[in-house]
Amino acid sequence: QVTLVESGGGLVQAGGSLRLSCAASGGILSVYGMGWFRQAPGKEREFVAAISRTDSNTDYLDSVKGRFTISRDNAKNTVYLQMNSLKPEDTAVYYCAAQFITRATMIPGRSSRAYDYWGQGTQVTVSS
C-alpha cells in the first residue's frame with residue numbers, strides 16, 4: 001500500500017509560481033509512473049501532467065505546456081510539479097497519483113481510472 005502526500009499549495013497572484021511536492025511512503029516510487037491531476041469546484045478531475053518511472057518521458061495538458069514542469073527524485077521518493085506563470089484558471093485542488101508500470105519509459109495514461117493510488121490533494125488558489 002502506497003501512501004501519497006501532497007504539499008506546497010497555497011495562494012498566489014497571477015503570474016506567480018508554486019512548487020508542489022508529492023511524497024510517497026509504504027512503497028518504492030521508482031516502480032510507478034506518476035501523474036498530477038486537478039479538480040476545480042463544480043468541474044471534473046482533469047489530467048495535468050505525467051512522468052515515466054525513469055524521468056525520461058513526460059506528458060502535459062495543452063493549457064499548461066511551457067508553464068508547468070513535472071519531475072521526480074526516486075532517491076527521495078518524491079515527485080514535483082513546478083508551476084510558473086500561474087493563471088486564475090489554474091485554481092483547483094491538485095492531486096498526485098501513482099500507476100504501477102512495468103516498462104520504465106512508458107508514460108502513465110491521462111485517465112484517472114488507470115491510477116492505483118492517490119494523495120489527499122493540496123489547494124492551489126491563483127488570484128487575479
Side-chain angles (χ1 to χ4, degrees):
Q1 181 75 18
V2 175
T3 300
L4 303 174
V5 179
E6 302 94 336
S7 61
L11 174 63
V12 64
Q13 288 188 332
S17 298
L18 284 173
R19 187 195 197 200
L20 305 184
S21 297
C22 173
S25 61
I28 301 173
L29 196 64
S30 61
V31 302
Y32 295 92
M34 299 297 296
W36 284 96
F37 290 74
R38 65 187 181 187
Q39 188 166 19
K43 295 187 176 181
E44 293 186 354
R45 189 171 299 189
E46 70 172 350
F47 168 83
V48 175
I51 189 167
S52 61
R53 287 171 47 193
T54 61
D55 197 14
S56 59
N57 294 312
T58 56
D59 184 27
Y60 294 95
L61 179 70
D62 282 349
S63 62
V64 308
K65 281 182 181 177
R67 301 189 297 121
F68 290 11
T69 303
I70 187 171
S71 62
R72 64 190 298 160
D73 185 338
N74 287 338
K76 295 183 178 180
N77 256 15
T78 303
V79 176
Y80 305 96
L81 185 68
Q82 178 66 44
M83 305 186 295
N84 299 328
S85 302
L86 283 161
K87 304 175 181 180
E89 52 262 44
D90 294 318
T91 295
V93 177
Y94 283 71
Y95 300 88
C96 71
Q99 180 186 141
F100 180 75
I101 296 179
T102 56
R103 284 177 54 195
T105 58
M106 181 177 176
I107 304 173
R110 295 189 171 200
S111 171
S112 61
R113 293 189 296 271
Y115 288 78
D116 303 300
Y117 301 102
W118 290 84
Q120 83 290 347
T122 185
Q123 177 70 46
V124 171
T125 303
V126 185
S127 63
S128 57

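Proximity of a side-chain donor or acceptor of Ser56 to a complementary backbone N or O of Thr54 within less than 3.5 Å is not detected. In terms of modelled atom types and a separation under 3.5 Å, the side chain of Tyr115 and the main chain of Gly109 share a donor-acceptor contact. A donor-acceptor pair is defined here as one N or O able to donate and one able to accept, closer than 3.5 Å; no such pair exists between the side chain of Arg110 and the backbone of Glu46. Judged purely by atom type and a 3.5 angstrom limit, Asp90 has no side-chain atom pairing as donor or acceptor with the backbone of Ala14. Listed for the Glu6 side chain is a donor-acceptor partner under 3.5 Å among the backbone atoms of Gln120. Remark: side-chain polar atoms of Asp116 are paired, donor with acceptor, to backbone N or O of Phe100 under 3.5 angstrom. In this structure, Asn57 contributes its side chain and Thr105 its backbone to a donor-acceptor pair below 3.5 Å.
Taking CZ from Arg38 and CZ from Arg45, the interatomic distance works out to 13.0 Å, rounded to the nearest 0.5 Å. Within the model, atoms CD1 of Ile70 and CE of Met83 stand 12.0 Å from one another, a figure rounded to the nearest 0.5 Å. For the atom pair OG of Ser128 and CD of Glu89, the computed distance is 10.0 Å after rounding to the nearest 0.5 Å. Between the CH2 atom of Trp36 and the CG atom of Leu20 there is a distance of 4.5 Å, given to the nearest 0.5 Å. Note: Ser52 OG to Arg72 CZ = 7.0 Å, rounded to the nearest 0.5 Å.
Looking at residues two or more places apart in sequence or on another chain, you find a side-chain contact (heavy atoms from CB on, under 4.5 Å) between Gln82 and Ser17, Arg19, Thr69, Asn84. Residues passing the ring pair (Phe, Tyr, Trp, His ring centres under 6.0 Å) test with Phe47 are Phe37, sequence neighbours excluded.
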Identify all side-chain donor-acceptor contacts of residues 24-34 below 3.5 Å with residues at least two apart in sequence or on another chain.
none

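Linking ILVMFWY residues whenever their side-chain heavy atoms come closer than 4.5 Å, directly or via other members, leaves Ile107 and Val79 in distinct clusters.
Minimum heavy-atom separation, Gly9 to Thr122: N-OG1, 3.2 Å. Nearest heavy-atom pair across Ile51 and Thr58 is CG1-CG2, 3.8 Å.
Think of Met106 as one node in a network of Ile, Leu, Val, Met, Phe, Trp and Tyr side chains linked at under 4.5 Å; its network also takes in Ile101.
Screening residues 52-82 for ring-ring contact (aromatic ring centres under 6.0 Å, His included) gives no qualifying pairs among residues at least two apart or on separate chains. Listed by first then second residue, pairs satisfying disulfide (SG to SG under 2.5 Å) with a partner in residues 96-126 read Cys22-Cys96, not counting sequence neighbours.
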